[in-house]
Amino acid sequence: MSATVRPTTMKGPAIFLAQFIGDAQPFDSFDAICGWAAGLGYKGVQVPTSDPRLIDLDKAAASQTYCDEIAGVAASHGLVITELSTHLQGQLVAVHPAYNEAFDAFAPPAVRGRPNERQIWAINQMVKAAQASRRLGLTGSVSFTGALAWPFLYPWPQRPPGLIETAFDELARRWRPILDAYEEVGVDLCYEIHPGEDVCDGITFEMFYERTGNHPRCAINYDPSHFVLQQLDYLAFVDIYAERIRAFHVKDAEFNPTGRQGVYSGFQPWINRAGRFRSLGDGQVDFKAIFSRLAAIGFDRWAVLEWECCLKNAEDGAREGAAFIRDHIIRVTERAFDDFAGGTSDERQIRRTLGLI
C-alpha cells in the first residue's frame, strides 16, 4: 500500500502564453506580455520555447546570465516562470509521413522537407529545453510525444499484427535519451495526453511509460478538456495516475452529441463539433471536483490556464480565467476539523483501549 499523501495547496493562477503571442502590443514581447498577465491577476507564466519574442532557447540553454535576465523580467511584474513548453518541438520527435507537410510549419526553414534532419533538430531542441529549465530553476516542462501510430487509431482494414507494438517501441526509443537528459538536470518531462499524439489516453500512456522503462522523468500534464472530448472519466484518471501527474492545464470543454454526430464530429469546424473547447466556466468540466482531487493527492505545482475557445474572445477568456482559477484553488487545512474532540494518548493507553492489557 502507498504511504499517506498529505493534502497540498497548489500554486496559481498561471497562464500559458502560446495562444496570446502576436504582433501587436502587449503580446509582442516577453516584458509586455508579462505586464499584461500580471495586470489580470496571474502569478505565473508558462512559456512556449518556439517563439524567440518570448525566449531564445539557444541562449537559455547556454547562458545562466540570460536565464537570470528572463526570470528577472517576469519577477519585475511579480511573476514567476512555471514551466517551459516544447509542444511543437516534441511533436516533431515522431511524425508519421502522412503529416509531414502539415508539421513542417513547426520547424525552421532549413529542415523543412527533410524529416530526418527535422527530427534531429527537434531532439536537440528538447535537450536544450532541459538545460534551460535547469538554469531557470524549474522542476517540470510540458510537451507532446508526437505520433507514429495515430493514423491507425480506428483502422479499416485491420492493422497488421505487431504494428502498434512496433510504433510504441520506436516512440519510446526516441524519447528515452531525451528523458535521460531531463533526469540529468532534475526536471520532469510532462506529456500532455492529447488526441493526435500516440499518447492520447491512460492506456497509451501506460504503453509508452512501460517502454521507457518506467522512466522517473516521464510524467503527465493533466488537461481534462481532452478527456471530455473522448468521453473518458477525467476524475478517475486523477486517482489512477496521481503519482505521475506533475503539471496541470486548466482548460474547459463540452460534449453535446446529436443524432448526426458524436466523438468524431463529422469533419466539422470547431464551432460545429459535438465536442469543443470552451473558456473556463463555459463548458462542462467539473473543476470543483478536479481541484479537490488534486489537492487531496498532494499536487503542489501550478494551475495553468490554457485558453482555447471556439466562441469567446481570448482576452476576455484570459481575464475571467485568472479569477476562476484563484477561486478554485483550495487552501488546504492544517488541522482536522475534529481535533477539538481529541486528547493525548500513550502506548499503554492505546493497548488498554484495545483490551490488550
Side-chain angles (χ1 to χ4, degrees), residues 12-60 66-67 69-92 102-109 112 122 125 129 132 136 141-144 192 194 196 221 223 225 247 249-253 269-271 276-283 302-325:
I15 185 169
F16 185 27
L17 298 178
Q19 285 80 15
F20 299 95
I21 304 169
D23 294 328
Q25 292 185 347
F27 307 110
D28 57 348
S29 73
F30 188 60
D31 180 53
I33 204 170
C34 281
W36 167 78
L40 296 178
Y42 289 100
K43 304 300 182 184
V45 288
Q46 187 177 87
V47 182
T49 58
S50 54
D51 194 312
R53 287 175 292 185
L54 298 189
I55 189 171
D56 185 319
L57 187 56
D58 290 337
K59 287 183 180 179
Y66 176 77
C67 285
E69 291 172 353
I70 288 291
V73 170
S76 71
H77 297 284
L79 300 172
V80 301
I81 296 173
T82 64
E83 298 97 2
L84 298 181
S85 156
T86 53
H87 285 82
L88 301 191
Q89 299 98 316
Q91 184 78 62
L92 299 183
F103 286 143
D104 254 355
F106 292 175
R112 292 175 187 170
Q125 288 276 295
L136 288 165
S141 183
V142 291
S143 196
F144 282 149
E192 186 166 348
H194 188 293
N221 177 29
D223 182 337
S225 69
H249 269 178
V250 189
K251 189 169 75 173
D252 211 343
W270 278 110
I271 192 67
R276 57 189 190 174
F277 300 129
R278 299 299 307 276
S279 287
L280 291 185
D282 294 344
W302 286 87
V304 180
L305 168 73
E306 183 182 22
W307 177 87
E308 290 180 349
C309 185
C310 60
L311 288 175
K312 185 169 285 183
N313 176 273
E315 294 182 50
D316 291 341
R319 185 186 66 254
E320 295 170 4
F324 186 95
I325 293 172

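When reading the values below, keep in mind they use all heavy atoms of this one structure, side chains included, and skip hydrogens, waters and symmetry mates.
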Has the side chain of Arg276 got a donor or acceptor atom that lies under 3.5 Å from a matching backbone atom of Trp270?
no

Rounded distance [0.5 Å steps], CD in Gln19 versus NZ in Lys251:
7.5 Å

May I have the step-by-step check of side chain to side chain contact (heavy atoms under 4.5 Å, CB included) for Glu306 and Phe277, ending in yes or no?
CA-CA 10 Å; Glu306 183 182 22; Phe277 300 129; over 6 Å; no

Side chains of Val45 and Ile15, heavy atoms from C-beta outward: is any pair under 4.5 Å?
yes

All heavy atoms of Cys310 vs all of Ile271, minimum pair found to be O-CD1, 3.7 Å

Surrounding NZ of Lys312 (heavy atoms of other residues, nucleotides or ligands, distance under 6.0 Å), is the total greater than 12?
yes

Verify side chain to side chain contact (heavy atoms under 4.5 Å, CB included) between His194 and Asp223, making sure each step is shown before the conclusion.
CA-CA 8 Å; His194 188 293; Asp223 182 337; over 6 Å; no

Does the side chain of Thr49 come under 3.5 Å of the side chain of Gln89 through a donor N or O and an acceptor N or O?
yes

If you look at every heavy atom in Gly196 and Gln91, which pair is closest and at what distance?
O-NE2, 4.2 Å

I'd like to know whether Ser279 forms a side chain to side chain contact (heavy atoms under 4.5 Å, CB included) with Trp307, so could you lay out the CA-CA distance, the side-chain angles of the two residues, the decisive distance to 0.1 Å, and finally the verdict.
CA-CA 6 Å; Ser279 287; Trp307 177 87; 2.9 Å; yes

Side chains of Leu84 and Ile55: closer than 4.5 Å at any heavy-atom pair?
yes

Mutual orientation of the aromatic rings belonging to His87 and Phe144 [parallel < 30°, tilted 30-60°, perpendicular > 60°]:
perpendicular

Phe27 versus Glu315: any side-chain heavy-atom pair under 4.5 Å?
yes

Worked check of side chain to side chain contact (heavy atoms under 4.5 Å, CB included) between Phe30 and Val47
CA-CA 9 Å; Phe30 188 60; Val47 182; 3.9 Å; yes

For Ala314 against Phe20, the heavy-atom pair lying closest together
O-CE2, 3.6 Å

So does Ser143 get a backbone contact from the side chain of Thr86, meaning a donor-acceptor N/O pair under 3.5 Å?
no

Taking all non-hydrogen atoms of both residues, which atom of Leu79 and which atom of Cys34 are closest, and how far apart?
CD1-O, 3.3 Å

I'd like to know if the side chain of Ser225 and the backbone of Ala253 have a donor-acceptor N/O pair within less than 3.5 Å.
no

Give the minimum heavy-atom separation between Glu83 and Val304, together with the two atoms involved.
OE1-CG2, 3.9 Å

Is any side-chain heavy atom of Phe324 closer than 4.5 Å to a side-chain heavy atom of Pro13?
no

N/O donor-acceptor pair under 3.5 Å between Asp252 side chain and Arg278 backbone
no

Evaluation steps, side-chain hydrogen bond (donor to acceptor under 3.5 Å, both in side chains), between Ser29 and Asp31
CA-CA 6 Å; Ser29 73; Asp31 180 53; 5.4 Å; no

Is a side-chain donor or acceptor of Tyr42 paired with a backbone partner of Leu305 at a separation under 3.5 angstrom?
no

May I ask you to test the Trp302-Gln46 pair for a side-chain heavy-atom distance under 4.5 Å?
no

Heavy-atom closest pair (Cys67 atom, Ala132 atom, distance to 0.1 Å) is SG-O, 4.2 Å

salt_bridge(Asp23, Arg53) N-O dist < 4.0 Å:
yes

Any chance you could measure Leu54, atom CG, to Ser85, atom OG, to the nearest 0.5 Å?
10.5 Å

